[in-house]
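Letters A, B, ... are given to chains in the order of the sequence lines, protein chains preceding strands, and every chain is numbered from 1. Side chains are part of it too, since the values below use all heavy atoms of this structure and drop only hydrogens, waters and symmetry mates. In this text, all values refer to a predicted model and were calculated from it rather than measured experimentally.
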Amino acid sequence: MPQTLFIDIPEDFSFRSTVYSHGWCDLAPFSLDTENWRLSYVFTDGKNSVPGVIAEEDGRLRIDLVKAKPRAEKVLADVRHILRLDDDLRDFYDVIQHNDRLRWVGKLRAGRLLRSPTVWEDLVKTICTTNCSWALTKNMVNNLVAKLGNKGAFPTAHAMASQDEEFYKQEIRSGYRGPYFIELAEKVVSGELDPQSWLHSDLPTAALKEEMKKVKGVGDYAAENLLKLVGRYDGLALDSWLRSQFYKNHNNGKTCKDIKIERHYRKFGEWRGLVIWCDMTEKWHA
DNA sequence: GCGTCCAGGTCTACC
DNA sequence: GGTAGACCTGGACGC
């Protein structure tokens with residue numbers, strides 16, 4: 001039986017700015033209808049999966065599900081998590097409020113970065129973004145969902161651990177990343193690694209980053225991207241795209257060393273990773 | 001049609 | 001600890 005759920009939203013929350021905060025809305029099992037501003041996602045509890053559509057309606061969020069499983073509490077918790085409804089960005093807005101270039105961020109209530117319901121999903125997707133074009137990232141993630149996911153949901157670690165290197169090469173088209181995925185999935189299944197624990201880790205950011213880098217395929221960029229997704233913004237997560245945007249926006253189109261980029265954002269302290277991301281993506285929100 | 005380059009980098013061997 | 005070279009894929013580009 002279809003089910004409709006509602007969630008109240010915080011005052012400083014913008015559905016559009018959050019959904020469009022980075023490329024995740026374009027990766028399965030997310031899909032975005034920009035005409036009607038509806039974000040689709042396939043929710044799962046590991047056993048049951050259900051496609052859902054999230055939209056803003058009368059100042060709150062409306063979630064339409066085609067059936068009642070997984071349980072409403074699980075879906076509501078997932079929506080709160082992916083849209084970062086419980087994140088407190090007041091300090092971030094304070095830090096940037098006197099910066100002319102960044103005034104739009106507060107105005108559009110931007111800054112919440114869309115994420116997946118689980119760190120596991122964000123981790124696998126982040127590995128899919130490394131050393132390839134965005135088109136290839138989408139292709140790999142689409143293949144993972146279509147060929148290993150339960151009814152359109154993102155695959156579990158169990159599902160990913162059950163395949164061999166040949167499968168990842170031929171079916172997922174993930175190239176050299178296949179062995180990385182298998183090793184990662186096996187560690188998660190065995191309990192040796194619990195990516196979800198990174199969300200509430202007591203480790204200092206530098207130490208947590210080193211933990212993340214123990215996963216094969218996760219280097220500086222990937223770890224700092226994941227840190228942003230678990231709510232720590234003191235790494236810039238520089239990749240070729242972010243660097244090219246900085247050169248265009250702050251260096252007359254000329255390349256420069258990373259240290260110059262780091263110096264530029266140092267004054268924003270623990271928020272610098274979120275500041276550079278907002279600074280470089282302003283046009284997306286125009 | 002073919003070869004080269006490179007994209008939302010990382011790993012390993014070697015120094 | 002720093003660095004060169006290898007690594008899958010597939011689209012863009014030049015010829």
| field | B:dT12 phosphate, OP1 or OP2, under 4.0 Å from A:K216 side-chain N/O | value | yes
| Do the side-chain N or O atoms of A:R243 get closer than 4.0 angstrom to the phosphate oxygens (OP1, OP2) of B:dG8? | no
May I ask you to say what [X] touches in the nucleic acid, namely base, sugar-phosphate or nothing, with a heavy-atom cut-off under 4.0 Å?
X      : answer
A:A222 : sugar-phosphate
A:L242 : nothing
A:T130 : sugar-phosphate

| remark: Here the distance between atom C1' of C:dC7 and atom OH of A:Y168, to the nearest Å, is 19 Å
What's the closest nucleotide to the [X] side chain, out of [options]?
X      : options               : answer
A:T129 : C:dC7, B:dA7, B:dG8   : B:dG8
A:R173 : B:dA7, C:dT9, B:dT10  : C:dT9
A:W134 : C:dT9, B:dG8, C:dC7   : B:dG8
A:W241 : B:dG8, B:dC11, B:dT10 : B:dG8

| message | If only side-chain N and O atoms count, and only distance matters, is there a donor-acceptor pair under 3.5 Å linking A:D279 with A:Y265? | response | yes
| query | Distance only, no hydrogens: is a donor on one side chain within 3.5 Å (strictly under) of an acceptor on the other, for A:T129 and A:Y221? | reply | yes
| note | side-chain hydrogen bond (donor to acceptor under 3.5 Å, both in side chains) filter on A:E224, not counting sequence neighbours, yields A:K209
